[in-house]
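A short worksheet on the structure shown next.
In what follows, chains carry the letters A, B, and so on, assigned in the order in which the sequence lines appear, proteins first and then strands, with residues in each chain numbered from 1. The structure presented is a predicted model; accordingly, all values stated were derived computationally and were not measured. Side chains are part of it too, since the values below use all heavy atoms of this structure and drop only hydrogens, waters and symmetry mates.
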Amino acid sequence: MAYDYAKYLRAGKIPHIWCPGCGYGIIMKSIIRAVDGLGMNKDDLVFTSGIGCASRLPGYIDANTLHTTHGRSLGFATGVKMAKPELNVIALGGDGDMTAIGGNHFIHACRRNIDITCLVFNNYIYGMTGGQYSPTTPKAARATTSPYGNSDNQFDIAQLAIGAGASFVARSTTYHAVPMEKLIKQAIEHKGFSVVEIIAGCPTGYGRKNKLASPAGMIEWQKANSVNKVQWDKMTAEEQAGKFPIGVLHQEEKPEFIEAYDANVGLS
Amino acid sequence: MAYDYAKYLRAGKIPHIWCPGCGYGIIMKSIIRAVDGLGMNKDDLVFTSGIGCASRLPGYIDANTLHTTHGRSLGFATGVKMAKPELNVIALGGDGDMTAIGGNHFIHACRRNIDITCLVFNNYIYGMTGGQYSPTTPKAARATTSPYGNSDNQFDIAQLAIGAGASFVARSTTYHAVPMEKLIKQAIEHKGFSVVEIIAGCPTGYGRKNKLASPAGMIEWQKANSVNKVQWDKMTAEEQAGKFPIGVLHQEEKPEFIEAYDANVGLS
Amino acid sequence: MAKAEKIEIYVNLCKGCEICVELCPVDALEMKDFKAAVKDLDKCIACMQCELRCPDFAIEVYKQ
Amino acid sequence: MAKAEKIEIYVNLCKGCEICVELCPVDALEMKDFKAAVKDLDKCIACMQCELRCPDFAIEVYKQ
Amino acid sequence: MAKEVKFLQGNEAVCEGALYAGCTFYAGYPITPSTEVAEILAARLPKVGGRFVQMEDEIAAMAATLGGSIAGRKSLTATSGPGMSLKMENLGYGYLTEVPCVIVNVMRGGPSTGLPTGPGQSDIMQAKWGTHGDHPAVALTPSTVQEQLEETVRAFNISEKYRIPVILLTDEIIGHMREAVNMPEPGDLEVVDRKRPTCDPKDYLPYKPEADGVAPMADFGSGYRYHITGLNHLEDGFPSNDGKLAQADEIRQEKKITDHYDEIVVVDEMDTDDAEILVFAFGSTARSAKEAIKMARAEGIKVGLFRPLTIWPFPDKHLQKYKNKVKRIIVPEMNLGMAILEVKRVMEGTVPSIEGINQIDSEPITTITILNKIKEGK
Amino acid sequence: MAKEVKFLQGNEAVCEGALYAGCTFYAGYPITPSTEVAEILAARLPKVGGRFVQMEDEIAAMAATLGGSIAGRKSLTATSGPGMSLKMENLGYGYLTEVPCVIVNVMRGGPSTGLPTGPGQSDIMQAKWGTHGDHPAVALTPSTVQEQLEETVRAFNISEKYRIPVILLTDEIIGHMREAVNMPEPGDLEVVDRKRPTCDPKDYLPYKPEADGVAPMADFGSGYRYHITGLNHLEDGFPSNDGKLAQADEIRQEKKITDHYDEIVVVDEMDTDDAEILVFAFGSTARSAKEAIKMARAEGIKVGLFRPLTIWPFPDKHLQKYKNKVKRIIVPEMNLGMAILEVKRVMEGTVPSIEGINQIDSEPITTITILNKIKEGK
Amino acid sequence: MAKTQIRLSGSGGQGMITAGIILAAGAAVFEGKKAIQSQSYGPEARGGASKAEVVISDEEIFYPKVMAPDVLVALTQEAAEKYSKDLVDGGILILDDLMVKEAPKGNWKIYTMPIIITAAEKVGKAMVANVVTLGALNEICGLVSTETLEKAVLSRVPKGTEELNKNAILAGIELAKACKAEGGCCCGK
Amino acid sequence: MAKTQIRLSGSGGQGMITAGIILAAGAAVFEGKKAIQSQSYGPEARGGASKAEVVISDEEIFYPKVMAPDVLVALTQEAAEKYSKDLVDGGILILDDLMVKEAPKGNWKIYTMPIIITAAEKVGKAMVANVVTLGALNEICGLVSTETLEKAVLSRVPKGTEELNKNAILAGIELAKACKAEGGCCCGK
Ligand SMILES: Cc1ncc(C[n+]2csc(CCOP(=O)(O)OP(=O)(O)O)c2C)c(N)n1
Ligand SMILES: Cc1ncc(C[n+]2csc(CCOP(=O)(O)OP(=O)(O)O)c2C)c(N)n1
Ligand code: SF4
Ligand code: SF4
Ligand code: SF4
Ligand code: SF4
Ligand code: SF4
Ligand code: SF4
Ligand SMILES: [Mg+2]
Ligand SMILES: [Mg+2]
């Protein structure tokens, strides 16, 4: 029997709006397998998102879904979670949504260590608006607003999250569909703020302009350039150059925000 | 001869508005000695700030000074610097200004590595508005909005800056008036984005509510709890607990944003 | 080696991205009229790569 | 040990925060009518701590 | 039994009103002169099972406030000018998605940072037009500390009843002054809770209006799984590019407010029956206006007070009664002329003279200033 | 010699206008349907020694735009509804500190995220009232691609001349359509540069107005060291709590615009001399209005077009000419009724019927719709 | 020619928008006609079905969009179905025979021709299907002179592709001629 | 008493605002009078000179601020100078003798008394200077009954400090009595 994704999908909403070969469909399937694998009750499950291609995801999932304004996914998620801490809140968005316009909410959610799972779909570009460079677009890459190649430096989203205080930080790619599913599960189970950065191909906005191969080629690229964290730590700086580590990159025990608050003000 | 601060001060603007014992006057003096020590031309010197007690500083300095909106110091500074890269731009603000409302501009300026010197006056509180807790207010500390003690986790501003990609990151305190001066000099001379976090006492907004001693007591506290980076690295986690490192915490060579841009688009 | 009993491709869902075809390790799939199609079911080793990575819920592999 | 020739305190600038008084290692300063004042110039070792840390440009130490 | 009398600051009375109305969530970012609202609720909310959070900025504060309401709590945020400007985008989201909540704007002086500790009434027009796009708006303007409490309760009621963010547009004077307040006991004031769905979850349409133009709203996590989006959407909540339906939905949203004008718009009219002169005044300015009118009446001048407690929707219908009736309207306001534009629009040239008193010098407009204007005879 | 004719997209024409006006700095954050402005300038600016930067959000974009201008460059930013709402706080800072720059708002459909790829005209009122506090405002509404270019130049000119941020309020239709444009050569169009001080730096007072109400503005780094603050300030630029002076300064700022109404406000009036019906239309909607009027005239109906190219300041003076003259005014606009409120205010009941055509269904208002309304005879 | 409303449609990458721009620019810049080109976008600006619209007229054009096209070109089935709905009675419908399996029904003059195949096989580059389209469209509708079309095309294509594009125009003209000759379909079907 | 306008001023930490609130609350809550308290803030809300204003009246109070005080209390020199400017002709000025070295000049009834010293030395806690002030002020102006003042004070002070505060009120009353007896100054100066 093939996997029954339909259980968590809203009837009649598929096909989704994503372009042919967009990596986001792969992520959506991993998310569904993760929440299904954890046996999560759809009534207690909340997805929030901002604006962008990635942020269209919640519309397809049969849960409590909140498609907010650009960058503000985590702000809304914080309100929902504080009002009803018993809900499982997954906040997601693109690299632009979460780390450009939404960067402040991202670092503060990390700092607070509020028990929200944050999924950053990193396709190295502003997909929805037609391919402008984002804070993660590689140096020298072409985007509609970097006709001479990108001059800007890049965020390492995972390092940013760690620097800001997140207590669980992981990275995966659409090539690693099954490990990604496991990381998402771990992130959801982690008590505190958890970040999973997921590298995904955007053939329309990024691939075309950067003479990257087909959608499949972008997936192969992810495979070729990602290195498991365990192995990464053994590599020299030269060996690491141009590659990125995947897996759980950081995990620590730290007081969760609402628990700490409730204990402090006498609510628990 | 006593030090001639007047050379860099605007005539008739002193006494400043800061409370008795506020650490900011100490910082202002270190800044003046730093720019004076570097022999900087006041005509080429720009100070930008946001809103808060710290952000009132530019009004006192005889330079090109820009007191902007809350949190936006670095946004304005980026415009000024890109329009005239030959100017020396120092952007400053309080812990709230730079890391609460201004957090996004802070991390993006770090990422871009634009050649601006950023001074964060960290008094662990929103001073100007009367003492609400900020992203750096210590756990359990009292503030007007944490009547039960602060439940929130804290930013380590230096770690945040490093995670975001800043190429020079240092920390000092008002106790260390002379080392602070040197760090500010180094920061100004560094090509790229440089951050100096300066711990300062706010007797009015923070001290009073937290049964901290006098203004001098707050300075003594800084002395007692800061550890030089070199020594810090040799300490065990237990020894480090409750203390913080000072000095240059991170420094790297990295392409400066405007230089990279100009080279890229054919402007240089 | 595992085998597939059936590979279901929903042409109404398939957007023709070729991911399944290009990632199939044994070349069991092909493109036909801009949609994925089974080229040779016998070749299939039921590795599930195609199903896992199809972004459009368009391909399902039933193991034997 | 260095000595100070003169310690100038500008009472119009002094806000009476006591930083200088409390941080002076040799107890050469004191508060008088809520302002800093020199208690004993002879004691002063011209360490400049008071001048450096006065937030209000209110105290100047002239070394001998 | 006599009511308890408390001596409260205006901002404190807002908190009492919010608690009375059943508010259990506050998300904010501090700004003078609204900070007391946050400070008091930080202490009080936990005592009623509520939570308080200080967000990283006003944008996040507005987002969290809406999020809290979506999960079922009556939610409040308070701010002032610069913070209000920052909230505009998410406020617009609140309108389009019809999420109830209350936003307190304690108006201060000046544009930009301006005169932050002084009072102002310059955000009147922003309260209606600040965010982009079409949307209905409700804003209330109390004049006394008692009204700070009562209008906060009313703000929550309107917000819950009509699924709309409501702005309490007060100012630094009322926010910071202290006056005696008769504390309402449970039952004294009406408290409205939003309609929640009772249908089978699978039949739930989050934007299918009932007769009053308002759809029941389910709390997230209550078994009604649905979608909320800031894109134009259909009755089922899902986005649609159908412009005709989008237009119909936005007209429905405007109408849910305009159709209930009589319930929403409250105006205090004093001495207007025989008035030849009308003073249109709101908020703290209305206090001086009232006194000036009493003094003028004592001198036999036929002047009356028109004091809107609801400034948006603008009290067109109430004001139209005075068309072709009064000879002058005086509009004192702490701005360079905002409400007066609306008054002119409504009166359609039927009043020989409509005159403003515009003062933005950080001082309240005094009784004498208004009295003199009344007497000026123009 | 015949002018060069180029076939340009509306957003492209904005870029041509900006470059013609001498713009050398752009800071923005992408948003549909304004992105082409950024994309084109990213390529073009370096060729004229200019720089382009994509900031982290619209707030930073507005800040950097102002910063660039303060350091002496003519600066531009472009956005659309949600981004415009986010810019409001810093835009207000630009007003109070009197920093020239141009903000392009390519209006799209709906409040909040709305109908992002469709057109709208619902940000008209926001352009005047979006930020808190009192301030003057200038906004221009081109109707053709040629005007996109020319009005951008004019926007820069007004901005430089009067030290004020100017909004180019265009819409998705004009922004995205392509038309032939007669390219102006150097000298064809006036290009104004801000007044810069010539006095001794130590005598420089950055807010001391000259006869025109405007003070010369020094570039940062040009030897004139001065202070800029969003607090109310004195002529020397330093903050002051003196409310009386703050009030005087804000009135001066309003007046620097209202006193130059004749220079700033441009209106295109067609067939109005004998008109009994006036169509008040702006932006893309005015195109259909023009055609409808031509068709109606052909049928002998006395109808004329009133097309403001400057929507703020509102063309009160131009419009007043038609008081007690026309019998009807029709106001077609892609919103639920905004400009019509202003028209009503100005006409003060002297026009028997003022009627709106309000359409927010993501489609332009057609010629036929307007023609039918004209013929309706009410 | 008073006013002609033309719609060019297909899927994201087929260059229909460029084709629309070239056609309108040709009419406006080289023949002094009035012309407006416009297009519509999906939810924000991304891939999918797309259309370009062109209005050409001797007189000023006010309303800039196509209300009901006189001519529709559709290079995909989806486009043909979606955009033919408001094609005027008696209008012209030009379809690609490969991509459009089933022509929409209506009282139109329908031309079905192998545009894509011709571009790929005869001209030698699938990418120039849009220029082939222009050649065919203009031959059928006589919107601008062939010189104008050539100038307009050459002013908007990358250097070095001039010959290719000229051939594409000619191939399009040929297709149209054949098609007209055979009464609407030159695919031999 | 138609309407009395009172201004209490000093520096940030002296509790003048609390004193104003207590006085107004007493009048309003315990005596059914109309009373309004207000205060002003520096640039945003921080330290420095501060003042509280109280209006007490038998009738409704409209304009909430003090336009020209009938009574001014000033516990610092700066406050005395800054806030006495609009004290009404014939008004009452109450000063602390330690902090106010030089009384501002005007046609006022001036009472100079050792409020701070009394609080610190006689009552035993400098912190209660504001309550001493209230005792003295009320004795001089007869704004509310002594019982009301006591109730009002006790309803706003921390538990366990009741005796201290009662003593402070009494000490204030004594000061005022002595002062009145000696014609305005009881400092022996
Ligand atoms: C306030 C605001 N600014 C800008 C936009 C335009 N916008 C929509 S999505 C987007 C970025 C999309 O990039 P990303 O977040 O990386 O998501 P992706 O589409 O790549 O999944 C932008 C800039 C907007 N909708 N709102
Ligand atoms: C948009 C906006 N929000 C809030 C405020 C109010 N405000 C002014 S300063 C400040 C924080 C001050 O704290 P910090 O930045 O740490 O500076 P400090 O006063 O401690 O030096 C706040 C919240 C404001 N001026 N503008
Ligand atoms: S534009 Fe990119 S991210 Fe967006 S749907 Fe298409 S491929 Fe995916
Ligand atoms: S409130 Fe704190 S930070 Fe502000 S001036 Fe006073 S002591 Fe300094
Ligand atoms: S991966 Fe899926 S959508 Fe892509 S070609 Fe294969 S079946 Fe079709
Ligand atoms: S299951 Fe594996 S082997 Fe079989 S078709 Fe799919 S990818 Fe090829
Ligand atoms: S440190 Fe300066 S301000 Fe403080 S008491 Fe000493 S001299 Fe006065
Ligand atoms: S210089 Fe040193 S020793 Fe002398 S008074 Fe100052 S702190 Fe004391
Ligand atoms: Mg992206
Ligand atoms: Mg601070």
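- Ranked by heavy-atom pairs shorter than 4.5 Å toward chain E, the options Gly92(F), Gly230(F), Gly83(F) are led by Gly230(F).
- Taken from CG in Leu115(E) to NE2 in His233(F), the straight-line distance is 10.5 Å, to the nearest 0.5 Å.
- Side-chain contact between Leu231(F) and Pro116(E): present, with at least one pair of heavy atoms (C-beta onward) separated by less than 4.5 Å.
- Per-residue counts of heavy-atom pairs under 4.5 Å with chain E were compared for Asn232(F), Ile360(F), Asp134(F); the largest is that of Asp134(F).
- With contacts defined as side-chain heavy-atom distances shorter than 4.5 Å, the pair Leu336(E)/Ile251(F) qualifies.
- Heavy atoms closer than 4.5 Å to chain E are found nowhere in Asn90(F), neither backbone nor side chain.
- One finds the CG atom of Asn358(E) at 12.0 Å from the CD atom of Glu250(F) (value rounded to the nearest 0.5 Å).
- Comparing Arg345(F), Met107(F), Lys244(F), Gln247(F) by heavy-atom pairs within less than 4.5 Å of chain E, the highest count is held by Gln247(F).
- Distance check: Leu96(E) CG to Thr113(F) OG1 gives 8.0 Å after rounding to the nearest 0.5 Å.
- A distance-only check finds a donor-acceptor pair linking the side chain of Asp123(F) to the backbone of Gly133(E) [under 3.5 Å].
- The number of heavy atoms from other shown groups lying within 6.0 Å of NZ (Lys325(F)) is above 12.
- To the nearest 0.5 Å, the span separating NE2 on His132(E) from CG on Leu86(F) amounts to 9.0 Å.
- At a 4.5 Å heavy-atom cutoff, the contact between Ile59(E) and chain F is made by side-chain atoms alone.
- Within 6.0 Å of atom NZ in Lys323(F), more than 12 heavy atoms from other residues, nucleotides or ligands are found, so the atom counts as buried in its surroundings.
- Of the atoms belonging to Ser240(F), it is backbone heavy atoms, and not side-chain ones, that fall under 4.5 Å from chain E.
- Atom NZ of Lys255(F) sits in a sparse spot, with 12 or fewer heavy atoms from other residues, nucleotides or ligands closer than 6.0 Å.
- Contacts with chain E were tallied for Gly130(F), Pro111(F), Ser122(F), Gly243(F); Pro111(F) has the most, counting heavy-atom pairs under 4.5 Å.
- In this structure, NZ on Lys344(E) lies 7.0 Å from CD on Glu348(F), to the nearest 0.5 angstrom.
- Contact tally against chain E (heavy-atom pairs below 4.5 Å) for Met347(F), Met125(F), Met88(F): the top residue is Met125(F).
- Tyr95(E) does not touch chain F: none of its heavy atoms, backbone or side chain, sits under 4.5 Å away.
- Note on Glu363(E), Met84(E), Met338(E), Gln121(E): by heavy-atom pairs under 4.5 Å with chain F, the leading option is Met338(E).
- Heavy-atom distances place both the backbone and the side chain of Leu341(F) under 4.5 Å from chain E.
- In terms of heavy-atom pairs under 4.5 Å with chain E, the best-connected choice from Ala248(F), Pro82(F), Gly349(F), Gly110(F) is Pro82(F).
- Of the two parts of Glu342(F), neither the backbone nor the side chain holds a non-hydrogen atom closer than 4.5 Å to a non-hydrogen atom of chain E.
- Gln126(F) and Thr131(E) make their closest contact through NE2-C, 3.7 Å (heavy atoms, listed as atom of the first residue, atom of the second, distance).
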